[in-house]
Amino acid sequence: MLDTKYNHKNVEEGKYSYWMKKGYFLSGDKSKPPFSMILPPPNVTGKLHIGHAMDVSIQDIIARYKRMNGYDVLWLPGMDHAAIATEAKVVAKLKEQGINKYELGREGFLKKSWEWKEEYAQSIRQQWSKMGISLDYSKERFTLDEVSVKAVNHVFITLYEKGLIYKGKKIINWDPVAKTALSNEEVIYKDVEGAFYHIKYYIENEDKYLDVATTRPETLFGDTAVAVNPKDERYNYLIGKNVILPIVNKLIPIVGDEHADMEKGTGVVKITPAHDPNDFEVGNRHNLDRIVVINEDGTMNENALEFNKMDRFEAREKLVERLKKENLLIDIENIIHSVGHSERTNAIVEPYLSEQWFVKMAPLAKKVLENQKDKEKKVNFVPKNQEKILENWMNDCYDWCISRQLWWGIRIPAWYKDGKMKVQVESPGDGWIQDEDVLDTWFSSALWPFSTLGYPDNTELYKRYYPTNVLVTGYDIIFFWVARMIFQGLEFTNSRPFKECIIHGIVRDKTGRKMSKSLGNGIDPMDMIDEYGCDALRFFLTTNSSPGQDLRFDVEKVKSTWNFINKIWNASRFTLMNTENLKEINLSNLSFSDKWILTRLNDTIKAVTKNMDKYEFNNAGSELYSFIWNDFCDGYIEFSKFNIEKESTQSTLLYVLTNILKLLHPFMPFVTEEIYSNLNIKDAESIMISNYPKYDSNLVFTDTINLMKETREFITKVRTIKKDNNIKKDAKYEFISSNDEIKLLISNCLKLTNDNILKDNKDEYTKLEITSNTKSLKNNLIYYYKESMDEKNKLIEDLNKEKIRLENSILKREKLLSNPGYIKNAPSELIKLEKTKLENEKIAFLEIINKLK
RNA sequence: GGAUUCUUAGCUCAGUUGGUUAGAGCACCUGCCUUACAAGCAGGGGGUCACAGGUUCGAGUCCUGUAGAGUCCACCA
């Protein structure tokens, strides 16, 4: 028997290890159709946050739902080495211990990183178990394990041989703290305070100067030209002349280039080909030198003269001082402008000329765009509008910088000797030195849906589970990951990596702000589980926003979800207490209320299934919520109390409860398992492996729906009127009903006891008549009571109000029904319904007129 | 500049291919310790669906425009 109160800690204790022990999470039953899903691998950098909790909850709902529906579900877990993110953390940790990465050396550093990985992997698995998610751990992968590395090398070499990977010297985003290149996606633009420094660039042999504005004056040492627009009549006559580069005092040309925008700034722009992507292009057009002036660590180099070895920002200040002193500074104009920051180290990114490896994107992107046109082959996004985001990105994507100057990652399979290069896995022989760089972490994650299954080998796993069915992730990760999986999948497996891609929103704080470390507004899912239980957290996270929309985290809502579970708990207690002696579920000799709740159950099964199949868990959730609370608890359980000794009542109670538990199980695995295990009649040893409810037309009794709806409405009507008229418990009554079963039900609900049936003279009392006179029900309840003048007046007032309401409604409806367009176009059922309503309203209206007399 | 999401009750959100009187949770008011549950029960109040047009017999829902909020991309001399 269940405890008297829902205690989430007791309920959740031990269940996960029980499921694991039983092997319920394992895939591989060949007798069933396969269903596969790859878990987006979390980074081994820290704790799971509330966004992970939402992401895995959605996936577990799908996994459990599919499993209960007879699928062989493979939900494959794994983790990502997260190259730069992890390396930054390990470096920071070592620094605390007074150890420098470079002193430790590559080997030593990697050893420390693997230790870090083991520690965090363990903690992540622990958190997964707390979330109750049904992962197949026997297939767990890591982006740096052998299988993954093999796939990565294969893909790299193949793309290189196809000419889709190349090495080139370009301007890339440089992180001076991590000392590595970054892809564009890893750069976060933030608005910061800065300034336009207006500097005098004197024209050669003239006493005039050009006003050149820049936000990064320290790059001046790398200037190899200034540009003006050829159409700009203020300056175009100067093209071909030189200016004197301030401080450096060398001559650089004035070139004419479209890049110089006449509207912007002063119309004159300095050209620094080694430190700005646009300038790089200008440099190419005009054959300009590329002078690098900044070191890898963000300090200035020898080209910066006396500022050599100074940090770039200190150099900026000092340079400005000197310009001021030499009267070369015109003005400092304070501005707010957006500046690129490294996603992981938050360092200000330096555009930097450097030799790196790139993936040539255009041909790969084109393939994706083509494939998305084919309904049978495309990746179907849920919600659908997310497809556009992918297409936009594919339409104008630039080459992907994949080399990173890090140690923690998969090393690039390229070898060098005497100026020659070979791309292959093994060393070509003595004296060949492997490329020092590793690959962008997203290069390995891009292969995740198939590398985890054994690709490039044609393994059993790969054959059975690829392409995967569903991928679930947040919209914030479409470019980083989803897009790249799709083009790599198409290129290498000739297939979409997943048939459907479910995109969810992000979890925000209560006021709608993004959660972040700096704001300190993050929520630790483990704290929530501790306080309210995993089931409450999961149900909250998955049912409180529509697909693709963001979710505001509100503890109050988690709390009210807990209350909902407590309600289920108590309804289960009631059911268990009253069905202890039931031997079998026998659904015959059903009463109206039995038939009604079974019909409502089947309606709910139908609606929930439909929403589950569309991944609209919010709708499934609210269907379940209102069915369980309003119909089962507030309706059926109350009615059942009057017939509790009957076999049909007990059977119905247990049958409905069992189905409720199963419908809820994907959302609330723990509490449903606990209650299910306490049922004395059940179809499986664990709810996890029981069958999901199916719509059963034999248990649908359409005619009882209206009957019970009207009965419940009648009961509410009586209660309202009783309360409005202050009718006490001891008021006398007279009750006539067209149906004995309904009469019993209403009498019990309204507590109409035999003692109060009116026997004496009616004329001494005030009479209050309440009727339900609808198609299926004829009830007439008359209260007799003694009332004050005030009460009488209030009654008249209320009746008048109702009269006016009915008058208006009747007029409105008559107008609608006399509209020829409506009669012509509206569905006949609707018109019929409107007509019945009009009739009922007219009857009610006449009744009121009578009463007012 | 381009794309995209959103604006519905005091708050947070649902609202299906257009079709009953627009729903829920929380909050609020009233009455109840009724033997599953007071973390509950019963009853109630509260909305010009951002604004303006249009299409339609009928618009929260479709179209156009306006205002406001968010997000992404591009540009940021």
Side-chain angles (χ1 to χ4, degrees), chain A residues 2 4-6 184 189 191 194 196-197 212-216 219 226-227 259-261 264-272 276 278-279 335 337-340 383 385-386 388-389 391-393 396-397 475-476 478-479 505-506 508 510 512 514 543-546 548-554 556-557 559-578 607 610-611 614 616 618-619 621-622 625-626 629-630 633-634 637-638 641 715-716 719-724 726 749 751 805 809 812-813 816 819-827 829-831 833-834 837:
Chain A
L2 301 177
T4 49
K5 225 161 218 178
Y6 168 54
N184 293 22
Y189 283 88
D191 280 345
F196 266 136
Y197 299 88
V212 176
T214 177
T215 53
R216 295 190 297 154
T219 60
V226 296
H259 169 62
D261 187 337
K264 220 178 218 173
T266 57
V268 185
V269 56
K270 69 196 219 27
I271 302 298
T272 322
D276 182 285
N278 289 312
D279 293 4
I335 53 160
H337 63 149
S338 93
V339 174
N385 58 33
Q386 301 289 337
K388 270 193 187 161
I389 296 178
E391 281 162 22
N392 285 346
W393 189 78
D396 47 24
C397 56
Y475 61 68
D476 50 334
I478 293 179
F479 302 137
I506 60 172
R508 295 173 174 277
K510 204 190 163 184
K514 245 180 172 170
T543 63
N544 273 279
S545 68
S546 45
Q549 291 308 123
D550 290 349
L551 173 73
R552 288 197 196 195
F553 194 93
D554 187 349
E556 289 303 312
K557 284 199 175 190
K559 218 171 175 173
S560 83
T561 308
W562 190 97
N563 290 352
F564 175 48
I565 300 176
N566 190 47
K567 188 77 184 172
I568 297 162
W569 184 264
N570 278 297
S572 304
R573 279 187 64 220
F574 176 85
T575 304
L576 292 179
M577 283 163 97
N578 290 294
K610 191 179 142 202
N611 284 309
K614 289 196 292 180
E616 290 182 3
N618 59 325
N619 291 337
S622 48
Y625 190 98
S626 73
W629 205 310
N630 303 333
C633 294
D634 294 344
I637 286 186
E638 291 308 315
K641 287 174 182 173
I715 293 167
T716 302
R719 282 168 174 162
T720 310
I721 291 173
K722 258 177 91 177
K723 189 161 185 169
D724 285 352
N726 198 21
C749 284
K751 300 192 164 52
R805 193 191 69 83
S809 184
K812 217 171 126 188
R813 229 176 281 282
L816 181 69
N819 183 334
Y822 179 77
I823 300 297
K824 201 177 137 200
N825 295 312
E829 284 167 37
L830 198 70
I831 296 170
L833 201 68
E834 286 291 328
K837 264 186 197 162

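Chain A is the first sequence line, chain B the second, and so forth, proteins listed ahead of strands; every chain is numbered from 1.
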Legend entry - C1' spacing across the pair A9(B) / G44(B), given as an integer number of angstrom: 15 Å
Legend entry - Nearest-Å distance once atom P is located in both G25(B) and C49(B): 22 Å
Inset, instruction - Search all heavy atoms of Tyr475(A) against all heavy atoms of Gly505(A) and return the closest pair with its distance. - result: CE2-CA, 3.5 Å
Legend entry - Integer-rounded Å distance: A39(B) C1' and Asn570(A) CG: 9 Å
Inset, instruction - Look at all strands and tell whether Tyr6(A) reaches a base, only sugar-phosphate, or nothing, counting heavy atoms closer than 4.0 Å. - result: nothing
Inset, instruction - Identify, with sequence neighbours excluded, every residue that meets side chain to side chain donor-acceptor pair (under 3.5 Å) alongside Glu638(A). - result: Lys641(A)
Legend entry - G53(B) to U16(B) separation - P atoms, rounded to the nearest Å: 25 Å
Distances for protein N/O vs nucleotides 28-31 of chain B N/O pairs under 3.5 angstrom?
unit_1	atom_1	unit_2	atom_2	d
U30(B)	O2	Lys723(A)	NZ	2.3

Inset, instruction - For Tyr625(A), check ring pair (Phe, Tyr, Trp, His ring centres under 6.0 Å) against everything at least two apart and list the hits. - result: Phe564(A), Trp629(A)
Inset, instruction - May I ask you to test the Val269(A)-Val226(A) pair for a side-chain heavy-atom distance under 4.5 Å? - result: no
All N/O pairs under 3.5 Å across the protein-nucleotides 6-9 of chain B interface:
none

Inset, instruction - Can you tell me, in whole Å, how much space there is between the C1' of G23(B) and that of C62(B)? - result: 22 Å
Legend entry - Touch class at under 4.0 angstrom, heavy-atom based, for Asp476(A) against every strand present: nothing
Legend entry - Side chain of Phe479(A) (C-beta onward), nearest among G43(B), U21(B), C73(B): C73(B)
Legend entry - Lys614(A) atom NZ, neighbour heavy-atom count above 12 within 6.0 Å: yes
Inset, instruction - Quick one: label Thr716(A) by what it contacts on the DNA or RNA (base, sugar-phosphate, nothing), any heavy atom closer than 4.0 Å. - result: sugar-phosphate
Inset, instruction - Just compare A36(B), G19(B), U4(B) and give me whichever is closest to any side-chain atom of Lys388(A). - result: U4(B)
Inset, instruction - Just jot down the side chain to side chain donor-acceptor pair (under 3.5 Å) partners of Ser338(A), sequence neighbours excluded, or say none. - result: none
Inset, instruction - Assign each of Thr4(A) and Arg552(A) to its nearest nucleotide of RNA chain B by heavy atoms, then name whichever residue's nucleotide is nearer the 5' end. - result: Arg552(A)
Grab the N/O contacts between the protein and nucleotides 54-59 of chain B below 3.5 Å, and write none if there aren't any.
unit_1	atom_1	unit_2	atom_2	d
C57(B)	O2'	Asn819(A)	ND2	2.5

Inset, instruction - Write down the distance separating the P atoms in A36(B) and C41(B), rounded off to the nearest Å. - result: 13 Å
Legend entry - Intermediate values then yes/no, side-chain contact (heavy atoms from CB on, under 4.5 Å), Trp393(A) and Ile389(A): CA-CA 6 Å; Trp393(A) 189 78; Ile389(A) 296 178; 5.9 Å; no
Inset, instruction - Figure out the CG/P separation between Asn578(A) and C37(B), and round it to whole Å. - result: 12 Å
Inset, instruction - Side-chain contact test, heavy atoms from C-beta onward, threshold under 4.5 Å: evaluate it for Tyr6(A) versus Ile568(A) and give yes or no. - result: no
Inset, instruction - Give a yes or no on whether a donor-acceptor pair under 3.5 Å exists between the nucleobase atoms of A36(B), that is its base, and the side chain of Glu638(A). - result: yes
Legend entry - Arg573(A) side-chain proximity, nearest of A14(B), G44(B), C37(B): C37(B)
Inset, instruction - Remember a base hit wins even if backbone is also touched, and classify Ile637(A) as base, sugar-phosphate or nothing at under 4.0 Å, heavy atoms. - result: base
Legend entry - Residues forming a side chain to side chain donor-acceptor pair (under 3.5 Å) with Arg508(A), sequence neighbours excluded: Asp550(A)
Legend entry - Side chains of Leu2(A) and Trp569(A) in contact at under 4.5 Å (non-hydrogen atoms): yes
Inset, instruction - For Asp476(A), check side-chain contact (heavy atoms from CB on, under 4.5 Å) against everything at least two apart and list the hits. - result: Ile506(A)
Below 3.5 Å between N/O atoms, which protein atoms pair up with nucleotides 74-77 of chain B? Just atom names and distances, please.
unit_1	atom_1	unit_2	atom_2	d
A74(B)	OP1	Tyr398(A)	OH	3.3
C75(B)	O2'	Lys264(A)	NZ	3.3
C76(B)	OP1	Asn278(A)	ND2	2.1
C76(B)	OP2	Asn278(A)	ND2	3.3
C76(B)	O2	Ser338(A)	OG	3.1
C76(B)	N3	Ser338(A)	OG	2.5
A77(B)	OP2	Thr215(A)	OG1	3.2
A77(B)	O3'	Ala213(A)	O	3.3
A77(B)	O3'	Thr214(A)	N	3.3
A77(B)	O3'	Thr215(A)	N	2.7
A77(B)	O2'	Ala213(A)	O	2.3
A77(B)	N6	Asp261(A)	N	3.2
A77(B)	N1	Asp261(A)	N	3.0

Legend entry - Close side-chain approach of His337(A) to Val339(A), heavy-atom, < 4.5 Å: yes
Legend entry - Which nucleotide in G43(B), U21(B), A36(B) has an atom nearest any side-chain atom of Arg813(A): U21(B)
Inset, instruction - Tell me the stems RNA chain B sits in, counting at least three consecutive Watson-Crick or G-U wobble pairs, each under 3.5 Å on both distances. - result: B:1-7 with B:67-73, B:10-13 with B:23-26, B:28-32 with B:40-44, B:50-54 with B:62-66
Legend entry - Beyond-backbone contact of Asn618(A) with Gln549(A), side-chain heavy atoms, under 4.5 angstrom: no
Inset, instruction - Give one of base, sugar-phosphate or nothing for Asp550(A), where a contact means two heavy atoms less than 4.0 Å apart. - result: nothing
Legend entry - Donor-acceptor contact below 3.5 Å, side chain Asn566(A) vs main chain Trp562(A): no
Inset, instruction - Might you point out which heavy atoms bring Ile831(A) and Ala826(A) nearest each other, and give the distance in Å? - result: CD1-O, 3.6 Å
Inset, instruction - Provide, to the nearest angstrom, the distance between the CZ atom belonging to Arg508(A) and the P atom belonging to U12(B). - result: 13 Å
Inset, instruction - Determine the interatomic distance between C1' on C51(B) and the same-named atom on A69(B); round to the nearest Å. - result: 15 Å
Legend entry - 4.5 Å side-chain heavy-atom contact, Thr215(A) and Ile335(A): yes
Inset, instruction - Looking only at non-hydrogen atoms, find the nearest pair between Asp396(A) and Asn392(A) and report the distance. - result: OD1-O, 2.9 Å
Legend entry - Upstream residue (5' side of RNA chain B) when Trp562(A) and Ser546(A) are each assigned their closest nucleotide: Ser546(A)
Inset, instruction - Sequence neighbours left out, what passes side chain to side chain donor-acceptor pair (under 3.5 Å) with Thr272(A)? Give chain and number order. - result: Asp223(A), Lys270(A)
Inset, instruction - Rounded off to whole Å, could you give me the NZ-to-C1' distance for the Lys559(A) and A38(B) pair? - result: 15 Å
Under-3.5 Å N/O pairs linking protein and nucleotides 23-27 of chain B:
unit_1	atom_1	unit_2	atom_2	d
G25(B)	O2'	Ser560(A)	OG	3.1

Legend entry - Given U16(B), A39(B), A36(B), the nucleotide with the shortest approach to the side chain of Asn566(A): A39(B)
Legend entry - Distance between P atoms of A50(B) and U8(B) (Å, rounded): 6 Å
Legend entry - Minimum-distance nucleotide (side-chain atoms of Lys567(A) versus G70(B), G15(B), G40(B)): G40(B)
Legend entry - Span that lies between the C1' atom of U61(B) and that of G18(B), in whole angstrom: 6 Å
